[in-house]
Amino acid sequence: MTVRVQEETFDIGAEAGAFAVRAGGQAGAVVTFTGVVRDRPGGGLREMVIEHYPGMTERALSSIEAEAVSRWALTDSLIIHRFGPLAPGDQIMMVATAAPHRADAFAAAEYLMDYLKSRAPFWKKEIAADGAEWVAARDEDEAALHRW
Amino acid sequence: MTVRVQEETFDIGAEAGAFAVRAGGQAGAVVTFTGVVRDRPGGGLREMVIEHYPGMTERALSSIEAEAVSRWALTDSLIIHRFGPLAPGDQIMMVATAAPHRADAFAAAEYLMDYLKSRAPFWKKEIAADGAEWVAARDEDEAALHRW
Amino acid sequence: MIQVMYFAWVRERIGLPREKVETSAGTVRDLVEELAAREARYAAAFADLSALRVALDQELADFDAPLDGVREVAFFPPMTGG
Amino acid sequence: MIQVMYFAWVRERIGLPREKVETSAGTVRDLVEELAAREARYAAAFADLSALRVALDQELADFDAPLDGVREVAFFPPMTGG
């Protein structure tokens, strides 16, 4: 069970590989989710800046992770979230879950994502040629919490 | 959209990384699932041999992938499945999906897994010190298809 | 002349992975009956059709499917990939 | 003395990331009223509480929550991580 909040990028490849190796012969199923900075539909995104609340961020992520571990039979889990300025195509964050069975690994990864989206103190600002704008929370993201 | 059926191992790290890079600024969400050879509860698994039906395997996987692409807004997808003798802890297969939104990426990855489990011609045999046994299909895996 | 293939424990029970079969069977079920009548190892392999799956020219099919024009029939247990 | 923190557009609107506030406010809502009464930039930031979230000592809380013993209050818009 690992939570990392960092400005520097991460190697999704190396992380996923290390995670799978660590899960070893115990877990049959490893799920990863990676969030990538998406350009705007018409292009033009210059950068995305992620602000967070140091201290609370780690607490919130650890508590979300602990809840997932209590709900599903996981052998391991990982949350990495970046902050600071990012470019389109950059990785923002990843979660990974390992479990004996795939249903647990998938459900836990979706749960981590849903809570991380709406309950961890991160805010995204899009900087484009025509101005800067804080990304608005989506109703669907709040609604997604009700399924758990 | 890629399907690979191979005896040699693959680097989940490199595959996931390349997949995320390829998805680039188009996809906001990348989901991977990796299946790992799990030891038996009490240990003792010597190897797992995966048999398949060359020709039909590729057709079945491509058709499952095409169905997923038609159901969800995916920017990319990948299925790799190994055959031959594997050791506990070895990676058996992986799927990856990329989509603008995470709900599509998760649903498509679960769909690919559910169909791949029960509709692609692979069979697993466990070789242990006390004998060899073909893995039986699980009712849950067949039942999982009904949710789609 | 049809190419008949066997996988997993069906292959092991029958003792070979594939064979050419001269048959005028109309459906998969007719072919199964012909094969099962051959020898005990075939009868054993085909004893319980509910434990078997069949593919015609590499597409999953029913045991009642016709064999007209089919070149390749494969018998195997339920798949266990992933 | 409470440490009050602002994030995202709340920080930008008020013009600073944090400040020490001397207050005897009983609840978060009382504190918000004190702050909003200070200057137009505060009033603008706190104009619509439904667009804001609050954390007390780094735990999400309600605007009706009491401030007894709280050392750190943070105001921010709904989170958009992931």
Side-chain angles (χ1 to χ4, degrees), chain B residues 3 5 33-38 48-64 79-83 86 91-95 109-127 131-145, chain C residues 1-21 27-28 31-32 35-36 40-82:
Chain B
V3 166
V5 182
F33 176 93
T34 309
V36 179
V37 178
R38 202 152 46 104
M48 173 175 275
V49 180
I50 298 186
E51 184 169 329
H52 80 123
Y53 182 171
M56 179 172 169
T57 308
E58 291 78 359
R59 287 169 66 128
L61 294 179
S62 296
S63 129
I64 291 166
I79 304 177
I80 304 174
H81 205 301
R82 297 176 67 189
F83 58 89
L86 305 178
Q91 290 134 209
I92 303 174
M93 47 72 61
M94 79 178 281
V95 306
E110 292 200 64
Y111 177 93
L112 290 177
M113 283 309 303
D114 284 355
Y115 272 83
L116 185 158
K117 276 258 167 201
S118 307
R119 292 293 181 270
F122 291 102
W123 302 273
K124 291 186 184 133
K125 187 175 193 174
E126 291 182 346
I127 319 285
E133 201 168 13
W134 289 96
V135 173
R138 305 189 322 152
D139 289 343
E140 304 93 279
D141 286 331
E142 189 64 29
L145 300 182
Chain C
M1 194 79 109
I2 291 182
Q3 166 95 314
V4 181
M5 307 179 75
Y6 310 111
F7 292 96
W9 60 253
V10 183
R11 172 178 54 69
E12 291 179 340
R13 210 164 285 179
I14 291 177
L16 78 179
R18 67 186 65 209
E19 59 186 319
K20 300 272 187 198
V21 173
T27 67
V28 176
L31 174 61
V32 165
L35 293 169
R41 58 196 168 100
Y42 286 94
F46 290 109
D48 176 11
L49 287 196
S50 75
L52 291 183
R53 300 289 179 269
V54 61
L56 302 183
D57 289 334
Q58 307 189 352
E59 297 278 354
L60 285 172
D62 291 330
F63 282 90
D64 293 321
L67 290 179
D68 314 326
V70 168
R71 288 161 307 172
E72 190 172 298
V73 177
F75 295 104
F76 42 78
M79 291 91 139
T80 54

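All values below come from the heavy atoms of this structure, side chains included, with hydrogens, waters and symmetry mates left out. Below, chain A is the first sequence line, B the second, and so on; all start at residue 1. As the structure is a prediction and not an experimental result, all values here were calculated from the model.
- Residue contact with chain C, scored on non-hydrogen atoms closer than 4.5 Å, involves the side chain of B:I92 exclusively.
- The environment of C:E19 atom CD is dense: over 12 non-hydrogen atoms of other residues, nucleotides or ligands sit within 6.0 angstrom.
- Considering OG1 of C:T80 and CD of B:E126, their distance stands at 9.5 Å, rounded to 0.5 Å.
- Here the straight-line distance linking atom CE of C:M79 with atom NZ of B:K117 works out to 13.5 Å at 0.5 Å rounding.
- With chain C as partner, the option from B:K124, B:M113, B:R138, B:H52 having the largest number of non-hydrogen pairs under 4.5 angstrom is B:K124.
- No side-chain donor-acceptor contact under 3.5 Å links B:K125 to the backbone of C:W9.
- Atom OG of B:S118 and atom CZ of C:R53 lie 9.0 Å apart (nearest 0.5 Å).
- Per-residue counts of heavy-atom pairs under 4.5 Å with chain C were compared for B:F33, B:W123, B:F83, B:F122; the largest is that of B:W123.
- Both the backbone and the side chain of C:A8 come within contact range of chain B, each with at least one heavy atom under 4.5 Å from a heavy atom of that chain.
- Using a 4.5 Å cut-off between heavy atoms, B:A136 contacts chain C through its backbone alone, with no side-chain atom that close.
- Note on B:E142, B:M93, B:M94: by heavy-atom pairs under 4.5 Å with chain C, the leading option is B:M93.
- In this structure, the portions of B:R119 lying under 4.5 Å from any heavy atom of chain C include both its backbone and its side chain.
- Under the 30°/60° scheme for interplanar angles, the aromatic rings of C:F76 and B:Y53 are found to stand perpendicular.
- Residues C:R11 and B:E51 are in side-chain contact: their nearest non-hydrogen atoms beyond the backbone lie under 4.5 Å apart.
- In C:D48, the CG atom is crowded: over 12 heavy atoms of neighbouring residues, nucleotides or ligands sit closer than 6.0 Å.
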